[in-house]
Amino acid sequence: MAGITLPPGLDGAGYDKAIKALTSALGADKVLATDLDRDTYIDPYALGDGLDHVPTAALTPTSVEEVQAIVRIANEHKLPLWPVARGRNLGYGAASPVLAGTAVLDMTRMNQVLHVDERFAYATLEPGVGFFQMNEYLQANKVPLWMSAPANGWGSIIGNALERGIGYTPYGDNTSKLCGLEVVTPTGEVVRTGMGAMEGSKSWAHYQYGFGPAWDQMFAQSNFGIVTKANVWMMPEPQTAIMAQVNLPKMEDIKWAMNVLADLRLRGIIEHNIVFGNYLHDASAYTVRSDWFDGDGPLPDDLAEKVQKKYNVGWWTFHISLFGDEGVVEAKRKIVEAALEPQLGAKLDWKVWKKGEPREPFNVNLGIPFVLPLAVVNWMGGRGGHIGFSPILPPSGELAWEAFLARKKRFEEAGLDYYCSFTIGHRHIANVNMILYDRDNADMVRRAKALFVQMIKDARAEGYGEYRTHIDFMDSVADTYDFNDHALWRLNEQVKDLLDPNGILAPGKNGIWPKRLRKEKGA
Ligand code: ADP
């Protein structure tokens, strides 16, 4: 059981007063502060026991006014708050804060679908709206709009977009589909961004920039505000969609295939994020390591062939989908086939979906949430966890190959299995190097942490940085963004100190510490 850890600057008496004030403002059922409550908010995939990030309490408001009341009390008592939408940020710390003793501001109960506009294809949502909930809503109300769901659909639409998560339809760059936020600032004011800054605006969800500076992205991966509503653009249901699985037999195939796919993405022929994963990507979702190998050290390369045969996957496998009117899809299909088939020496085998048919067999590729990829945490046995090191690369086959070899070597040195994938975006690749571990194996956890630190250093030396990271490594990753002696880091801190003078909102999030707690940086 987690005992109480208080944050710096708050003693036991101050904490008791804060909890008393919160209980009287919210009611006892919205202040969760027992040992069991604290345990519940510990990261289930923590590298170790997770107590270094244990919260003091969780607060579960149901309205914007309650969020404001929490912020007011937090300022008064210097109780730091860690806002989460549904707290399912698995692999990045889940609901746990960077700084132990922070209270989790859990917005799961603010989960109303406030408005869905079929004609203009957007939804106005509260932060607690989950992907499964939204899917049910759309299906029950026969709304012809598609979501962009991530590989693990347990979380929320807004939480995912704020962390720059992705989906696999043409609307898959989730953060870019936010259009206007409502935010409670760290001093408790309610602000609407974009066109929503006008009282009674009729075009809040239609134009992202508003008048003057545009602030939506300022609230993504930051600790500058608490998002209480957001407009999210959705994809109008297409007439048809077709999908093909492509298996590449050799490790080296990445060199040519990545270049071909990057070109098809850049030209807009393929409009979705393509996940280009090694065989472990599939094997770890359906089986556990001991089904294949019980030796020490990383999985031998010659096992790859066995896995590939059993699951009809290649050394690398990816899926391509095409969406739109039939004529458009047909034209694009021919272009994709001409680009890939001569190199593959085989015909692409397309599955076809048409408007009116169920989308379930296609799942996430057509915007239906699922959780199958969560099964990868069972790979090593014991209480499993995963953590991904994900630097951003230019979309080049040659650079991807070099990065792959460099990381593979590090995984082998660490004696860990190499789960590798590349997500090909419009003009970049996110190279996910996933470490799967058994939380109960202290030596494995130690090796996983050391490998992660090593990869941060290696990638920095190559000129690459991560797009998102786990709460254990936020300062280390922020440190790699070092142009002009960390000028951007200093700018973030300046903004932080202006907006949050008492330093109460998510201290340490993405390496941004308020003045009062800056000595905790890198601690
Ligand atoms: P999910 O809803 O997918 O489970 P989380 O709730 O874990 O995702 O949110 C991921 C991260 O996004 C949080 O750690 C926090 O930094 C940020 N976040 C989520 N919701 C909000 C919000 N309403 N306001 C500000 N930041 C948020």
Side-chain angles (χ1 to χ4, degrees), residues 7 59 61 64 67-75 78-85 87 89 92-93 95-99 102-107 110 126-127 156 158-165 174-176 178-194 196-197 204 208-232 467-469 471 474-475 477-478 481 486-518 520-521:
L59 312 164
V64 180
V67 173
Q68 287 180 283
I70 292 169
V71 167
R72 182 176 47 74
I73 293 166
N75 271 289
K78 305 259 186 336
L79 174 69
L81 301 170
W82 182 264
V84 299
N89 201 13
Y92 300 97
S96 281
V98 168
L99 181 70
T102 302
V104 177
L105 176 49
D106 178 350
M107 302 177 90
M110 288 177 68
E126 288 191 322
S156 72
I158 292 179
N160 184 276
L162 289 176
E163 276 297 285
R164 309 205 181 105
N174 293 342
T175 203
S176 74
L178 293 171
C179 182
L181 309 176
E182 181 186 88
V183 177
V184 172
T185 68
T187 48
E189 194 159 8
V190 181
V191 175
R192 289 189 175 176
T193 63
W204 190 18
Q208 287 174 312
Y209 312 116
F211 181 70
W215 294 124
D216 284 11
Q217 279 299 306
M218 170 177 158
F219 298 105
Q221 286 197 10
S222 81
N223 48 14
F224 298 154
I226 301 162
V227 176
T228 48
K229 287 183 189 67
N231 300 306
V232 179
Y467 87 100
R468 176 183 187 183
T469 206
I471 50 173
M474 287 185 164
D475 290 341
V477 171
Y481 288 85
H486 302 97
L488 184 64
W489 207 348
R490 287 199 305 280
L491 175 65
N492 287 336
E493 288 173 347
Q494 279 173 337
V495 174
K496 178 70 179 163
D497 291 339
L498 273 176
L499 296 182
D500 187 4
N502 290 319
I504 54 116
L505 197 61
K509 168 79 183 160
N510 283 69
I512 308 169
W513 291 90
K515 197 173 207 160
R516 168 172 92 82
L517 296 167
R518 210 156 283 152
E520 303 294 324
K521 190 152 106 179

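Just so you know, these numbers come straight off a predicted model, no measurement behind them.
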*With side chains defined as the heavy atoms from C-beta onward, is the minimum distance between Pro61 and Val67 less than 4.5 Å?*
yes

_Ignoring hydrogens, what is the shortest heavy-atom contact between Val184 and Val190? Give both atom names and the distance._
CG2-CG2, 4.2 Å

_Is any side-chain heavy atom of Thr185 closer than 4.5 Å to one of Leu499?_
no

*asked:* What I'd like to find out is whether the side chain of Pro83 reaches to under 4.5 Å of the side chain of Leu505, using heavy atoms alone.
replied: yes

*Are any non-hydrogen side-chain atoms of Phe224 and Lys496 less than 4.5 angstrom apart?*
yes

*Provide the closest heavy-atom pair for Gly508 versus Val98 in the form atom of the first, atom of the second, distance.*
O-CG2, 3.7 Å

*Considering only heavy atoms from C-beta outward, does the side chain of Glu182 approach that of Glu126 to under 4.5 Å?*
no

*For Leu491 and Leu488, what are the C-alpha separation, side-chain angles and deciding distance, and is it a side chain to side chain contact (heavy atoms under 4.5 Å, CB included)?*
CA-CA 5 Å; Leu491 175 65; Leu488 184 64; 4.1 Å; yes

_Phe219 side chain reached by Thr193 side chain, heavy atoms, under 4.5 Å_ = yes

*Could you tell me the separation between the CD1 atom of Ile471 and the CG atom of Asn510, rounded to the nearest 0.5 Å?*
11.5 Å

*When rounded to the nearest 0.5 angstrom, what is the spacing between CG in Leu105 and CE in Met110?*
8.5 Å

*With rounding to the nearest 0.5 Å, note down the distance linking OG1 in Thr175 to CG in Asn160.*
9.0 Å

_Atom pair CG (Leu59) and CG (Leu81), whose distance is rounded to the nearest 0.5 Å_ = 6.5 Å

_Contact summary for Trp513 and Glu520, nearest pair of heavy atoms_ = CZ3-CB, 3.4 Å

*asked:* Give me the atom names and distance for the closest heavy-atom approach of Leu99 to Leu517.
replied: CD2-CD1, 4.0 Å

*With no hydrogens and no angle check, is any side-chain donor or acceptor of Gln208 less than 3.5 Å from a backbone partner on Cys179?*
no

*asked:* Looking at Tyr92, I'd like to know if the NZ or CZ of Arg468 sits under 6.0 Å from its six-membered ring centre while staying within 45 degrees of the ring's axis.
replied: yes

*asked:* Let me confirm one number: the CD1-CG distance from Ile158 to Leu181, rounded to the nearest 0.5 Å.
replied: 8.0 Å

*Can you tell if the side chain of Lys229 reaches within under 4.5 Å of the side chain of Val64, non-hydrogen atoms only?*
yes

*What's the shortest heavy-atom distance between Thr228 and Pro127, and which atoms?*
O-CD, 3.2 Å

*asked:* For Val183 versus Gly225, what's the shortest heavy-atom pair and its separation?
replied: CG1-CA, 3.7 Å

*Distance (rounded to the nearest 0.5 Å) between Asn223 CG and Trp82 CH2*: 8.0 Å

*asked:* Ring of Trp489, cation from Lys521 - is the NZ or CZ under 6.0 Å from the centre and inside 45° of the axis?
replied: yes

*Taking C-beta and beyond as the side chain, do Val84 and Val104 meet within less than 4.5 Å on heavy atoms?*
yes

*asked:* Among residues at least two apart in sequence or on other chains, which ones pass side-chain hydrogen bond (donor to acceptor under 3.5 Å, both in side chains) with Thr469?
replied: Glu466

*Donor-acceptor pair, Asn75 side chain versus Pro186 backbone, under 3.5 Å?*
yes

